[in-house]
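Lettering follows sequence order; numbering is per chain, from 1. Note: hydrogens, waters and symmetry copies are ignored here, and every other heavy atom, side chains too, is used. Nothing here was measured: the structure is a model prediction, and the numbers come from that model.
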Amino acid sequence: MVKEKLLKCIQQAVSDTQQEGCIPLAILPDINIERPKDLRHGDYATGLPLKLARISGISPLEIAKRIINHLSLPEEIDNAVAAPPGFINFTLSDKWLCQQVSVILNADKSYGDTNLGSNTYIQFEFVSVNPTGPLHIGHGRGAVLGSTLANIFTSAGYKVEREYYLNDTGNQINIFGTSLYARYQQCLGKEADMPINGYFGNYMTALARKIISEHGEKFLQLSQQEAITQLTKIGMEKIVQGIKQDLQLLKVDFDVWYSEKDLYHNGQYQQAMEKLQQRGYITKRENATWFESSVLGEDKDNVLVRSDGSPTYFASDIAYHHSKFLQRKFDRVIDIWGADHQGHVPRMKAVLKALSIDPERLSVILCQLVTLRRGKEVIKVSKRSGDVITLREVIDEVGTDACRFFFLSRSADSQMDFDLELAKKQSVDNPVYYIQYAHARIASILRLANEKHIAYDEGDLSLLSTKPELSLIRCLTFLPETIENVVDTLQPQYLTYYSQELATLFHSFYKQCRVVSQDEALTKARLKLVRASQITLAKTLRLMGMTVPETM
RNA sequence: GCGCCUGUGGCUCAGCUGGAUAGAGCGCAGCCCUGCGGAGGCUGAGGUCGCGGGUUCGAAUCCCGCCAGGCGUACCA
């Protein structure tokens, strides 16, 4: 990429400058190349001279000039100028920019793809909601984030796996089962108490009724334990089915649904515990089994097996990560969790250390919580307490594309209000439609060209010379580094903002530059640019998991 | 109490590995269809970047303190 080339070129120039004594020998600070916000400052810039000035005592502008004298610029760069107070600004060559249009046309759907990941095997685990109730809005956030990152990493040359961890055993499942059994009995006119921490949501009663309509009263004949076992299985399957449907509605796919229960049958749990035991990280105390995370610098130890003999969620998760890293051998793992799991991060990292796995190989993205509201009214989304507005209802109300874009344009770090009233009100004037409209507009132009039988393969790109044209091309060339930026930071909002900018530049170009006109040569050149814009815009929309409309 | 996250124009949010006059969308005030989709384009008003110190040639961005909100601090997940 241009940026890398430029970096090397600057390094060379600085080193030459130093050797010739134009800059006193000094420790070279990191060279950072940025994108100036202001177009007048070129396409790339470095403030290196300002840093060197501090060390050398020479004025930064003077240093900038000396470095520029030693620069041998790559073909992509037209010129380098020193700018006060001490920047070097680089401008892309118009000729090179125009050529990029055909680079994009040739790459077509693969434009933007890189080999940055060089096939690194990486797992994204996300959503992973307990199968004890429907998804709500907060889960949607993680789902959209995870699916988009997975798309982007795939494009960047990683070997990606998307996984949903199904917590199909343990405490919460037991409570789910007893809650369902109670509702089942109640629906059949029997007295039954809900467990204290039970799932009181209305959906549980609906679930019980559904089971009655399909299976009748037969579970009343069974022993309580047997009835609960069977109801748990049936109920959970239905819930999972619903979750799968909701995710599909949100355009979120998984490669693997990994069962927590399996960890206890496939040896992962035993192996992980044995390893920790052998390495001396396990101790028995107060009748429970503990992981001694405190010796690894944690605040406290954590329970692995309760005094009643049942393993904790933490213990499962250890086995689970054992499977990820040591059994399935992912090079990197990205877990996306809700912010309410933050306390879990340091102890998970401690476990990795204990298992001699570099903790750097695990990244945990914590999504801050989402508050759902309708105007001033805050809507609770707790599964246990009762009424829920499900993710499905939100999607039905707001739309998949708008939902996805809404989540993607906000940093995972910031808590957000999802105001249904606002989301709906804005849906017509939503940035999503602005971007999609640009694509539909492009499609329409290309349709027109097609109807007029204009073949533009031979269009002469050097005819593209006006500001709107060149600005648009510039933006097109930024896609690969935008993707790289997301890969580096795990923050997809760079892509959403990019797509918006691209749409803006296209609309502006469209207004100022008539594409299909009497000027045959110019028409062909511009059609090429339009097609390249379509390729690029469609790519960003696909990466974000949104529809790519030909018409609206 | 301690830990993590957040506090940017009326609203919702970007920018936070320090850079050159602080950005976008919505909302608001105007302007633009005798040419390919007006779900569009253009112009403008609107901000002590929570507060106070510090580091630096330069701080919304880094450090310290304070204020406000969210989350965590379970033999819940």
Quick check: are there more than 12 heavy atoms from other residues, nucleotides or ligands sitting under 6.0 Å from CD of A:Gln512?
-> yes
Would you mind calling B:rC16 syn or anti? Take O4'-C1'-N9-C4 for purines or O4'-C1'-N1-C2 for pyrimidines, and syn is within 90° of 0.
-> anti
Write out a two-atom table: protein N or O, nucleotide N or O from nucleotides 15-18 of chain B, distance below 3.5 Å.
| unit_1 | atom_1 | unit_2 | atom_2 | d |
| --- | --- | --- | --- | --- |
| B:rG15 | OP1 | A:Gln493 | NE2 | 2.9 |
| B:rC16 | OP2 | A:Tyr494 | OH | 3.0 |

Does the ring of A:Phe87 meet both stacking tests against the six-membered base ring of B:rG19: centre distance under 5.5 Å and plane angle under 30°?
-> no
According to the interplanar angle, ranging from 0 to 90°, do the rings of A:Tyr199 and A:Phe176 count as parallel (below 30°), tilted (30 to 60°) or perpendicular (above 60°)?
-> perpendicular
When every non-hydrogen atom of A:Ala272 is compared with those of A:Ala319, the smallest separation belongs to CB-CA, 4.0 Å
Count the heavy atoms belonging to other residues, nucleotides or ligands that lie under 6.0 Å from CD of A:Glu4, then report whether that count exceeds 12.
-> yes
Taking a pair to mean Watson-Crick or G-U wobble geometry with both distances below 3.5 Å, B:rG44 pairs with B:rC28
If we call it a pair only when both distances are under 3.5 Å in a Watson-Crick or G-U wobble match, what pairs with B:rA22?
-> none
If pairing means Watson-Crick or G-U wobble with both distances under 3.5 Å, then the partner of B:rA60 is none
With a 3.5 angstrom cut-off on both distances, give the Watson-Crick or G-U wobble partner of B:rC33, or none if there isn't one.
-> none
Check the angle between the aromatic planes of A:Trp337 and A:His321 and answer parallel, tilted or perpendicular using the 30° and 60° thresholds.
-> perpendicular
Closest heavy-atom contact between A:Lys300 and A:Ser293?
-> O-OG, 2.9 Å
Distance test, side-chain N/O of A:Ser316 to OP1/OP2 of B:rA77, below 4.0 Å | no
Nucleotide paired to B:rU55 in any strand shown, Watson-Crick or G-U, under 3.5 Å | none
If you draw a 6.0 Å radius around CG in A:Leu448, do more than 12 non-hydrogen atoms from other residues or ligands fall strictly inside?
-> yes
Rounded to whole angstrom, note down the P distance from B:rC63 over to B:rG46.
-> 33 Å
Mind checking A:Asp317 for me? I need base, sugar-phosphate or nothing, with any heavy atom below 4.0 Å counting as a touch.
-> nothing
Please measure how far the P atom in B:rU12 lies from the corresponding atom in B:rU17, and state the result in whole Å.
-> 25 Å
Do we count A:His41 as stacking onto B:rA20 if the rule is ring centres under 5.5 Å and planes under 30°?
-> yes
